[in-house]
Amino acid sequence: MKSPALSVQLAPHNKKGLLLSNPVMAASGTFGYGTEYAEVVDIQRLGAIICKGTTLKPRPGNPQPRLWETAGGVLNSIGMENIGIDALIREKAPLWAGWKVPVIVNILGESIEDYGKLAKRLDKASGVSGIEVNISCPNVSAGGMEFGANPKSAAEVTAAVKAKTTLPVIVKLSPNVTDITEIACAVEAAGADAISLINTLRGMAIDTKSRKPVLGNVCGGLSGPAIKPVALYMVYQVARAVKVPIIGCGGIATASDALEFIMAGASAVQVGTAIFTNPCTPLDILEGIERFMKKEGIRNLTELIGAAL
Ligand SMILES: Cc1cc2nc3c(=O)[nH]c(=O)nc-3n(C[C@H](O)[C@H](O)[C@H](O)COP(=O)(O)O)c2cc1C
């Protein structure tokens, strides 16, 4: 059998579009700026790279410790340590401009205006193929509640970004909500070209010896295999509620995990925590998907997207 068709269009209604050669991406915050992995992984074979979360000003991040291993997962409270948008545009984007793999910039702001400013800065930057909007971030003017916790603020952030850029815009949903479909519908109505989910689930660990929280920030985000069933069900629910393409993420470590997300309605997947154990995981997953399709006689990935809905 011929090699199956794996390419996916993640922004069909955007003029620029976001065409990936295959559906396997590296998740934000787990693959740096791509450059860090270039010597160990053939990064150009990835579907896309989502770079580290980027803010208007550089940020030093949260106090240590920031990472803690749990059963089947990891708690992190990195606190968005990053170089800031100016350095990203000056130092990283010119390198990406020469790459085959599309790089998508993950952004976060402390206010709606911040998101608009970030989008405007990225709009003309060469080497940037799209924007992923992290809405799992405290809205300072609303008493610190996450933008993504409420359909109104999630939609406002989406509209602010869309107003300032012609790049494809992916909105990344927070799982720390009561009804994820409500938020997904709100960001779709506000113009999101695609939706990615999920970000990490809030959690903590306590050191029984010191009788204190382990993480310097007390609370962290849980990721890894432990969250996969939660993420999968959220993707399934959102896929039944929206028409825009969905990118599934959360505990994906094998091709079989990725296929579950695709069958639940995801057009593409992101691999995060699994990269820490083996940076080649995304490419292993890609090869596994291809093998599965050949074995099952599937010519085009589209035959599998949403197969379980
Ligand atoms: C150390 C670490 C840093 C992360 N940083 C970001 C970030 O900057 N922006 C973002 O949207 N998500 C960030 N995430 C969330 C991941 O992109 C992903 O949504 C989440 O970890 C679930 O996927 P996984 O179980 O495959 O890791 C981070 C996750 C980890 C573990």
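For the numbers below, each heavy atom of this structure counts, side chains included, while hydrogens, waters and symmetry mates do not. Atoms within a ligand are numbered from 1 in the order they appear, just like the ligands themselves. These numbers were taken from a predicted model, which means no experiment stands behind them.
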Looking only at heavy atoms, is any part of Lys228 under 4.0 Å from ligand 1, and if so is it the side chain, the backbone, or both, or is it neither?
-> neither
Counting heavy atoms only, which part of Ile198 comes closer than 4.0 Å to ligand 1: side chain, backbone, both or neither?
-> backbone
Between Glu81 and Lys52, does at least one N-O distance fall below 4.0 Å, as a salt bridge requires?
-> no
Of the listed options (Pro175, Cys51, Gly53, Ser174), which comes nearest to atom 8 (O) of ligand 1 when hydrogens are ignored and any heavy atom counts?
-> Gly53
Separation between CD1 (Ile246) and CG (Leu10), nearest 0.5 Å, reads 11.0 Å
Which is closest to atom 16 (C) of ligand 1 by heavy-atom distance: Ala26, Gly79, Ser28?
-> Ser28
Hey, what do you get for NZ (Lys117) to OG1 (Thr55), rounding to the nearest 0.5 Å?
-> 13.0 Å
Do the ring planes of Tyr33 and Trp96 sit parallel (below 30°), tilted (30 to 60°) or perpendicular (above 60°)?
-> parallel
Where's the contact between Thr273 and ligand 1, heavy-atom distance under 4.0 Å: side chain, backbone, both or neither?
-> both
Taking distance alone, with no angle check, do Gly272 and ligand 1 share an N/O pair under 3.5 Å?
-> yes
Presence of salt bridge, Lys164 and Glu113, under 4.0 angstrom | no
Could you tell me if any non-hydrogen atom of Asn199 lies under 4.0 Å from any atom of ligand 1?
-> yes
So, does Gly250 sit close enough to ligand 1 that a heavy atom of it is under 4.0 Å from the ligand?
-> yes
Would you call Ser3 and Glu290 a side-chain contact if the rule is heavy atoms closer than 4.5 Å?
-> yes
Geometric N/O contact Glu132 with ligand 1, under 3.5 angstrom | no
Tell me, with the steps shown, if Ser196 and Glu132 meet side chain to side chain donor-acceptor pair (under 3.5 Å).
-> CA-CA 8 Å; Ser196 56; Glu132 183 178 64; 2.7 Å; yes
